[in-house]
Amino acid sequence: MKSITLAHSANSKMNTYKDKIGRIYCKEHRREICHECCMSFDMPNRMAEENAGLVKKKTELEKAAAEVALIMFALQGMERMVPRPSPAVFEMNRNYLQRAEEKLRQFAARGEDVETALQEAMDAERAKKMENQALAQAWSNQNPGKTTFELGGPEHQKLYDQVIATPTSSKNKSELYTCDYCKKSSAEKLALCARCKMISYCSKECQVAAWKAHKKVCVPWTGTKEPKVLYLTWDEVEAHGGAPVTGKVLEVRAILDESMMRQVFSCKDRAGKVRRIAAYTNSRGIPSLKQGSIIRWKNPRFYHFMDGSSGGRIEEEDLEDITII
């Protein structure tokens, strides 16, 4: 892909809306991340949820792992900058990384699961990187010959919605397989909130811990039937350990085309997790699949690839269970 210069728009509108939890959104569009208004509240909103008690606070280990992952990806990005940062800037960040890694070594010495925490943190940073790559790839494909893309504004938002936005709305659908407080996914149905029937908890402890905050946004379910269930996420499929999730559907958006010998896409679920889908079909492809497509896969299986990545391996017999939107 050709080199693209990303220019930042100065057109920022600071009209915001705050909900009962303290989360902030752009007022005009009610978006947490609004490229049209040049606003991003995802990080402060996660902190607001933690401070309100809606979700479990990150542990000191998770914070340290996130710091290491952030600095590692920052250093990788600096290597590709033109012009390159000064040697002093590189040295400063390497020193930050050494101190952050020392924290992880201390946690490891106490017997804590550093490997899992670091893997999750690296996955989160990698997802951000893939989103940026996907945006550049989509813009390049739609604008041959152009080399400058302005970040912010209606064009940016339109491209984001077409290619990167999470694949489905959670409105009036219930989450049955991921605890709303600790965010752990399960292969078994969890206990729904009896009042709103929208969210679930893996234990009484999680439900009690979240109730003070959740009751502010808990709207009683008034339907005559149980609400529909959300499509599965990558973590919920992985919870089945590689076995087919019979009768359930994984929904993801194909955000980044990484195809070479066969069709491979990095795909984002509604929780923001990015994993790969690779076509091991007779044609080495999935009919009609392109960047931005929504993939719905019935009876999905989680797969660990030899290069260390993970996601879904699509075989010829899986095609009848796949819908492309």
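When a residue number appears, it is its place in the shown sequence, counting from 1. Source: prediction; values computed, not measured.
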Min side-chain heavy-atom separation K268-E131 under 4.5 Å: yes
Student check: side-chain heavy atoms of M122 and F73 closer than 4.5 Å: yes
Cation-aromatic face contact R313/F305, 6.0 Å, 45 degrees: no
E102 with R105: basic N within carboxylate O range, under 4.0 Å: yes
For the student: nearest non-hydrogen atoms of A65 and A121, plus distance: O-CB, 3.5 Å
Salt bridge present between R270 and E236 (N-O < 4.0 angstrom): yes
Interatomic spacing from CG in N51 to CD1 in I21 - rounded to 0.5 Å: 11.5 Å
Residue pair D235 / T233, side-chain donor-acceptor N/O under 3.5 Å: no
Test item: side-chain donor near acceptor, E238 and S185, under 3.5 Å: no
Among V237, V252, D123, side chain to side chain contact (heavy atoms under 4.5 Å, CB included) partner for R275: D123
Salt-bridge criterion met for D19 and R23 (N-O under 4.0 Å): yes
Residue list, ring-ring contact (aromatic ring centres under 6.0 Å, His included) with H240, at least two apart or on another chain: none
salt_bridge(K56, E205) N-O dist < 4.0 Å: no
SB check E36 K158 (cutoff 4.0 Å): no
